[in-house]
Engineer: 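Following this message is one structure expressed as structure tokens.
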Amino acid sequence: MIQIDRRHFLATTAATGVALAAPRTARAASANEKLVLAIMGTNGRGSDLAKSFATQPNVEIAYICDPDDQAIGKGIAAATTANGPTPQGIKDFRRALDDSAVDALVCAAPNHWHAPATLLGCQAGKHVYVEKPCSHTPAEGELMVAAARKHDRVVQHGTQRRSAPKYIELAQRLRDGLIGNVHFARTWYYSPRPSIGRVQSSAPPAGLDYNLWQGPAPELPYQSNFVHYNWHWFWNWGNGELGNNGVHMLDVCRWALGVDYPQAVSIAGGRYRYDDDQQTPDTVLANYHFGDRLLVWEGLSWSRPIVGQPGVGMEFRGSEGTVSASDDGYLVFGPDGKKTTQETGALDQEPHIANFIDAIRNGTKLNADIEEAHKSALLCHLGNIAYRTHHTLQCDPTNGHIKNDSDAEALWKREYREGWGLS
């Protein structure tokens with residue numbers, strides 16, 4: 001397996017007290033120059049991305065990479081356009097990294113792959129579009145920032161609301177004083193997910209290279225309720241609903257509040273709805289303290305929202321009013337609680353993809369650069385660490401590191417299978 005030089009990365013990350021360099025511009029390239037991509041992880045989200053990237057001007061998807069033959073088929077179908085060539089399907093994405101013609105890697109594999117794939121991509125001279133959350137642990141996020149800077153690569157995070165016009169407008173207006181000083185933000189996620197049941201280990205299905213699917217994660221016997229989606233609910237590969245959906249809205253809230261790292265993190269919750277194999281909580285209330293500002297995430301992955309309330313949304317309360325926001329737009333209320341403004345909009349991932357491509361070709365500033373991605377993913381990681389240790393975390397507000405808590409600090413990083421060089 002390809003080794004990752006951890007010692008070099010650790011020497012240049014914020015963990016050592018060395019300031020991270022500002023993002024550098026990508027190579028200049030003509031808009032007429034073809035951009036060649038490899039898409040990694042195409043059972044679900046990756047196929048959606050493949051379809052979008054395939055419609056961008058002068059973009060060719062050369063490889064569809066997935067350990068599962070069926071997922072490869074989905075990806076090829078999504079990426080194949082009427083006039084473009086059919087991508088090559090391969091199981092191991094590292095073969096695509098060895099191709100000098102490939103300019104960028106799109107990683108939509110499970111969370112435990114996000115950091116290793118990004119590090120290997122940057123080392124191979126590829127730009128990277130990595131899905132959320134950008135990392136599986138806080139330590140990985142720091143390594144990713146350092147890798148992007150060292151190799152001068154464009155690394156965009158799949159928090160696509162950063163490129164949505166109405167969210168851009170709202171974030172700026174809130175920071176400009178739309179409702180005065182904002183002291184409280186709340187965001188939520190409600191979805192009636194079913195039980196994943198209890199199953200025994202078994203042989204992987206034909207066509208799935210389960211050993212490759214596990215990759216850098218410690219090896220566990222195959223269970224049918226791991227693959228392809230429920231890995232989210234197991235600590236070995238996923239980050240629970242907080243890392244799955246919470247990261248999107250926490251990212252918007254952090255952006256709108258103009259805050260970086262929390263001073264303290266506390267969480268309440270548990271597995272209340274089903275008695276099954278799931279490890280991560282299904283009910284969560286996470287609190288992030290930023291001095292005179294409090295950010296709260298509420299997640300129930302077994303209950304629908306009430307009629308009229310979006311299943312995913314957020315609320316900002318300031319000294320001069322309140323804002324309620326969702327992917328459909330936002331409402332502004334005055335101090336008396338009466339609606340004063342309604343702005344409508346729609347969420348579309350195309351501007352986010354276009355921003356990534358433009359950053360590669362023209363050096364345009366990324367809307368979701370890996371450093372901002374790390375800050376938002378860190379909120380999810382800190383919430384999960386607080387949950388797993390049953391501790392309120394005290395954090396360094398300059399870098400988010402946990403202070404004076406050895407149990408919590410032990411979860412800052414993870415173990416890897418031999419040969420991956422990340423541990």
Side-chain angles (χ1 to χ4, degrees), residues 39-50 52-53 104-119 121 127-145 147-148 154-164 167 171 187-189 191 228-235 237-256 280 284 286 288 295 297 299 301 311-314 327 347-353 355-356 359 366-384 400:
I39 313 285
M40 174 189 180
T42 54
N43 184 67
R45 178 62 179 156
S47 286
D48 292 337
L49 290 171
S52 293
F53 273 105
L105 173 70
V106 178
C107 178
N111 297 2
H112 68 286
W113 267 111
H114 290 181
T118 298
L119 298 181
H127 305 287
V128 181
Y129 184 106
V130 59
E131 265 303 329
K132 53 73 190 174
C134 64
S135 55
H136 189 255
T137 67
E140 289 182 346
E142 293 181 329
L143 294 176
M144 295 167 82
V145 176
V154 169
V155 180
Q156 175 93 303
H157 192 217
T159 41
Q160 63 267 24
R161 288 165 181 82
R162 287 271 180 160
S163 297
Y167 278 118
T187 181
W188 61 88
Y189 176 83
S191 179
H228 273 292
Y229 191 81
N230 293 328
W231 54 263
H232 280 290
W233 323 132
F234 295 89
W235 297 119
W237 308 295
N239 300 95
E241 201 69 84
L242 189 53
N244 186 33
N245 277 292
V247 64
H248 280 299
M249 312 316 282
L250 287 171
D251 179 66
V252 173
C253 289
R254 191 183 63 75
W255 173 29
T280 63
V284 169
Y288 302 91
L295 171 55
W297 185 75
S301 56
V312 179
M314 65 193 80
D327 291 345
L347 183 63
D348 181 358
Q349 73 179 5
E350 302 303 320
H352 205 54
I353 289 171
N355 173 244
F356 174 63
L366 284 173
N367 290 336
D369 174 70
I370 185 59
E371 190 166 351
E372 289 302 309
H374 165 62
K375 293 174 184 177
S376 294
L378 180 59
L379 296 184
C380 304
H381 298 323
L382 291 172
N384 282 331

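If you're wondering where the values come from, they're calculated on a predicted model, not measured in any experiment.
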Engineer: Do you know which two heavy atoms are closest between Ala164 and Leu347, and how far apart they sit?
Structural biologist: CB-CD1, 3.9 Å
Engineer: Would you name the heavy atoms of Leu295 and Cys253 that are closest together and state the gap between them?
Structural biologist: CD1-CB, 3.5 Å
Engineer: How many angstroms lie between atom CZ of Phe53 and atom CD of Gln349, to the nearest 0.5 angstrom?
Structural biologist: 8.0 Å
Engineer: Is the side chain of Thr280 donor-acceptor paired with the backbone N or O of Phe234 at a distance under 3.5 Å, no angle test?
Structural biologist: no
Engineer: On a heavy-atom basis, which atom in Ile370 and which in Val145 lie closest, and how many Å separate them?
Structural biologist: O-CG2, 3.9 Å
Engineer: Begin with the C-alpha distance, continue with both residues' side-chain angles, and end with the deciding distance and a verdict on side-chain contact (heavy atoms from CB on, under 4.5 Å) for Glu131 and Leu49.
Structural biologist: CA-CA 10 Å; Glu131 265 303 329; Leu49 290 171; 3.6 Å; yes
Engineer: With sequence neighbours left out, what residues match Trp113 under ring pair (Phe, Tyr, Trp, His ring centres under 6.0 Å)?
Structural biologist: Phe93, Trp420
Engineer: Tell me, please, which residues at least two apart from Tyr189 pass ring pair (Phe, Tyr, Trp, His ring centres under 6.0 Å).
Structural biologist: none
Engineer: Gln156 side chain to Ala368 main-chain N or O, any donor-acceptor pair under 3.5 Å?
Structural biologist: yes
Engineer: With no hydrogens and no angle check, is any side-chain donor or acceptor of Asn355 less than 3.5 Å from a backbone partner on Asn367?
Structural biologist: yes
Engineer: Calculate, to the nearest 0.5 Å, the distance between atoms CG and CG belonging to Asp251 and Leu379 respectively.
Structural biologist: 9.0 Å
Engineer: Between His136 and His114, does the side-chain contact (heavy atoms from CB on, under 4.5 Å) criterion hold? Intermediate values first, please.
Structural biologist: CA-CA 7 Å; His136 189 255; His114 290 181; over 6 Å; no
Engineer: Is it the case that the side chain of Tyr129 and the backbone of Phe356 share a donor-acceptor pair, with hydrogens and angles ignored and the cut-off at 3.5 Å?
Structural biologist: no
Engineer: Could you pull out the closest heavy-atom pair between Ala148 and Val155, with the gap in Å?
Structural biologist: CB-CG2, 3.6 Å
Engineer: Apply side-chain contact (heavy atoms from CB on, under 4.5 Å) to residues Glu241 and Trp297 and explain how you reach the verdict.
Structural biologist: CA-CA 11 Å; Glu241 201 69 84; Trp297 185 75; 4.2 Å; yes
Engineer: Give, for atom OG of Ser52 and atom CD1 of Ile353, the distance between the pair rounded to the nearest 0.5 Å.
Structural biologist: 4.0 Å
Engineer: For a quick check under 3.5 Å, do Lys132 and Asn244 share a side-chain donor-acceptor pair by atom type?
Structural biologist: yes
Engineer: How would you list, by chain and number, every residue that makes a side-chain hydrogen bond (donor to acceptor under 3.5 Å, both in side chains) with Trp233, sequence neighbours excluded?
Structural biologist: Asn230
Engineer: I'd like to know if the side chain of Ser301 and the backbone of Ser191 have a donor-acceptor N/O pair within less than 3.5 Å.
Structural biologist: no
Engineer: With His248, which residues qualify under side-chain hydrogen bond (donor to acceptor under 3.5 Å, both in side chains), at least two apart?
Structural biologist: Arg161
Engineer: If the condition is side-chain contact (heavy atoms from CB on, under 4.5 Å), which residues does Cys380 pass it with, not counting sequence neighbours?
Structural biologist: Leu242, Val247, Leu250
Engineer: So, for Asn239 and Pro133, which heavy atoms are closest and what is the spacing to 0.1 Å?
Structural biologist: OD1-CG, 3.8 Å
Engineer: Kindly compute the distance separating SG (Cys134) from CD (Glu140), expressed to the nearest 0.5 Å.
Structural biologist: 9.0 Å
Engineer: Hey, what do you get for CG (Leu366) to CD (Glu371), rounding to the nearest 0.5 Å?
Structural biologist: 12.0 Å
Engineer: Would the distance check show the side chain of Arg254 and the main-chain N or O of Glu372 forming a donor-acceptor pair, the cut-off being under 3.5 Å?
Structural biologist: yes
Engineer: Identify the heavy atoms of Trp237 and Asn111 that sit nearest to each other, and give their distance.
Structural biologist: O-CB, 3.3 Å
Engineer: Residues two or more places apart in sequence or in another chain: which of them pass side-chain hydrogen bond (donor to acceptor under 3.5 Å, both in side chains) with Gln160?
Structural biologist: none
Engineer: With side-chain contact (heavy atoms from CB on, under 4.5 Å) as the criterion, how do Trp235 and Asn384 come out once you've worked through the C-alpha distance, each side chain's angles and the decisive distance to 0.1 Å?
Structural biologist: CA-CA 10 Å; Trp235 297 119; Asn384 282 331; 3.7 Å; yes
Engineer: To the closest 0.5 Å, what do you measure between OG (Ser135) and NE2 (His374)?
Structural biologist: 7.0 Å
